[in-house]
Student: 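Below: one structure in structure tokens.
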There are 2 protein chains.
Amino acid sequence: MSAQVVPMQEGRTGAMCSQALPVADLSSLFARRPVERFAPGQPVFWEGDEATHIFEVADGMLRALRLLGDGRRIIVGFLRPGDLLGVSLKERYLYTVEAVSAVELRRFPRRRFEDEVARHSHLQQQLFSRLRDEMTAAQDQAVLLSRRSAEEKLANFFLMMRRNENCTRTAVVDLPMTRLDIADYLGMTIETVSRTITKLANSGVIAPPERRSVTVLKMETLRSLADGDESEHWMPSPMPRAQYAFASA
Amino acid sequence: MSAQVVPMQEGRTGAMCSQALPVADLSSLFARRPVERFAPGQPVFWEGDEATHIFEVADGMLRALRLLGDGRRIIVGFLRPGDLLGVSLKERYLYTVEAVSAVELRRFPRRRFEDEVARHSHLQQQLFSRLRDEMTAAQDQAVLLSRRSAEEKLANFFLMMRRNENCTRTAVVDLPMTRLDIADYLGMTIETVSRTITKLANSGVIAPPERRSVTVLKMETLRSLADGDESEHWMPSPMPRAQYAFASA
DNA sequence: ACGATATTGTAACAGAGTGTAACTGCCCTT
DNA sequence: AAGGGCAGTTACACTCTGTTACAATATCGT
């Protein structure tokens, strides 16, 4: 997930990590910047603020959220180390970002960031790639929100949060955020989150609820609950298909 | 809306529309391409197909959709003249695109498109701008889907579809798509769509339901129903705000 | 023009999810 | 150790939406 905010995935794949070259990749832009620390709950910037900086998450987790007029809150994504904040934005930030756990960030001036990117085509590629990932994540979230039951939503959520973790049959998934955060991300209420977690625990898919983590007991069952989406992760597609059209009606 | 698919907005704003310069803007790449026609219901490409071309909508309306394993269908956006299809994609298209009404498209090979964009920085700017719009739209859709009632969703939908139209107090909004399309876009069922439209008609906000259009009688009321989002379209933001952080806990 | 089919509208019912509120457990303060 | 505050859970009544079924209407093909 890390919806709106450019997941890293590949990032620096190890190896040539020295800063020999001036700008090896997007992350290296941030490498020499000082670390800024944010306490849990503390805001980094607000929706509507002038977008002066791009941030890279060095450590911890953050939430990106939007507020509706009547106070309803929507979390559009959670951010983790390696993610960038603020790339996809125009003159103003689209959402508020707050620290969930203790967070370390590095910031880079937006103008200079754009200059650097414009100057180096390989950075451009990377940026486009990140934007595409971000788009995909945003779309996936839309799909998740539109046509899925509480159980499916949570199953998906646990799997998304499991990213990084080893893919064993059982796993402990870290949940630094509160139930309210989860609810606002999945478009439900904290009560439904609680009830559903309890239900999953009763059916033995996960261990009895802990405060800040979930222990998955039956990974496969969880996967099947989460499924429905991902329909089938796209094999070449066997059938030939009409591609061009004849005008009619 | 036009969710995932890069709304145009500015596009060619009239004036210097001749193709004097080699590549004035993104649209001009498509200008000399032959028009392809698609009949209503006809697919342009499928989710998972290799992304070989970028398309520009010349006329008509299309829907971009994704299918879930169990047959559930999610429409991630509707496309209108000036919109581009396929820009945000990786090697494969993320969604299926089908014609809603009779459609005219122009296509451009993706490789060449990317070359052109990489070569001209002003095209890059435009492409980034479109991607940002697309992101915003995707996020707005997520917000719409997550925390809104049937009535709010439809009110929003009508307003989105009214784009272009003159902003008078009453207006006829074209709805080329079926109720099922609307339902799958808003994450509800056709019955709920029907009921809600009837309700809006009974309360005098819109005229009695017509098949392929809606006549808005009380634009302001519709706006207030749709509101809640858009919280306040961002005035400079009055209060000073802590921006940096002290580590703690 | 006519009938078949698809789309849309209406109604009754069931179920999932919500909201309120009470209750538990935990952590922190005093 | 007692008290307050907060996050989380649970229970219950209620609401909204989905489901199912059927009627009405439009669309299409012959």
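The analysis underlying the following values was restricted to heavy atoms, covering all of them including side chains, and did not include hydrogens, waters or symmetry mates. Order of the sequence lines sets the chain letters (A, B, ...), proteins ahead of strands, with each chain counted from 1. Computed from a predicted structure; not experimentally measured.
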Student: In whole angstrom, give the distance that lies between atom CD of B:E191 and atom P of D:dC16.
Tutor: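 Going from B:E191 (CD) to D:dC16 (P), I get 18 Å.
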Student: Return the value, rounded to whole Å, for the distance between atom CG of B:L175 and atom P of C:dT8.
Tutor: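 Going from CG in B:L175 over to P in C:dT8 covers 11 Å.
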Student: Between atom CG in B:D181 and atom C1' in C:dT7, what is the gap in whole Å?
Tutor: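 So the CG-C1' distance, B:D181 to C:dT7, works out to 12 Å.
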Student: Under a 3.5 Å threshold, yes or no: a donor from one side chain and an acceptor from the other, between B:S224 and B:T221?
Tutor: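 No - no donor-acceptor pair under 3.5 Å links their side chains.
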Student: Would you please indicate yes or no on a ring centroid separation below 6.0 angstrom for A:F45 and A:F55?
Tutor: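 Distance test on ring centres: under 6.0 Å, yes.
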Student: Looking only at side-chain N and O atoms, does B:R179 come under 4.0 Å of OP1 or OP2 in C:dG9?
Tutor: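 So the side-chain polar atoms of B:R179 do come within 4.0 Å of the phosphate oxygens OP1 or OP2 of C:dG9, strictly under.
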Student: Using five pairs at each end of the helix from C:dA1-D:dT30 to C:dT30-D:dA1 to define an axis, what is the angle between those two axes, to 10°?
Tutor: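 Axis-to-axis angle, ends of the helix: 40°.
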Student: If I take atom CZ in residue A:R211 and atom P in nucleotide C:dT24, what distance separates them, rounded to the nearest angstrom?
Tutor: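 To the nearest whole Å, that distance equals 15 Å.
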Student: Check whether A:D83 reaches the backbone of A:R80 with its side chain - one donor and one acceptor, N or O, closer than 3.5 Å.
Tutor: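 Yes: the side chain of A:D83 pairs with the backbone of A:R80.
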Student: Would you say the base of C:dG19 and the side-chain of A:R195 have a donor-acceptor pair closer than 3.5 Å?
Tutor: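 Answer yes: a donor N or O sits under 3.5 Å from an acceptor.
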Student: Considering just the side-chain nitrogens and oxygens of A:T189, establish if one lies under 4.0 Å of OP1 or OP2 belonging to C:dT18.
Tutor: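 Checking A:T189 against C:dT18: at least one side-chain N or O falls below 4.0 Å of OP1 or OP2.
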Student: Which residues, if any, of residues 197-205 of chain A bring a heavy atom under 4.0 Å of DNA chain C?
Tutor: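 Those residues whose heavy atoms fall under 4.0 Å from DNA chain C, taken from residues 197-205 of chain A, amount to none.
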Student: Using atom CG of B:L154 as one end and atom P of C:dG9 as the other, report the distance to the nearest whole Å.
Tutor: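 So the two atoms are 11 Å apart, to the nearest Å.
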Student: So, is A:T192 close to the C:dT18 phosphate, meaning a side-chain N or O under 4.0 Å from OP1 or OP2?
Tutor: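 It does, given that an N or O in the side chain of A:T192 lies less than 4.0 Å from OP1 or OP2 of C:dT18.
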Student: In this structure, how many angstroms lie between the P atom of C:dC26 and the CZ atom of A:R212, rounded?
Tutor: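 So the CZ-P distance, A:R212 to C:dC26, works out to 14 Å.
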Student: Less than 3.5 Å between a donor and an acceptor, one on the side chain of A:R147 and one on the base of D:dG18, is that the case here?
Tutor: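 Side chain to base: no pair below 3.5 Å.
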Student: Would you mind reading off the distance between B:M177 atom CE and C:dT8 atom P, rounded to a whole angstrom?
Tutor: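 My rounded result for the distance is 11 Å.
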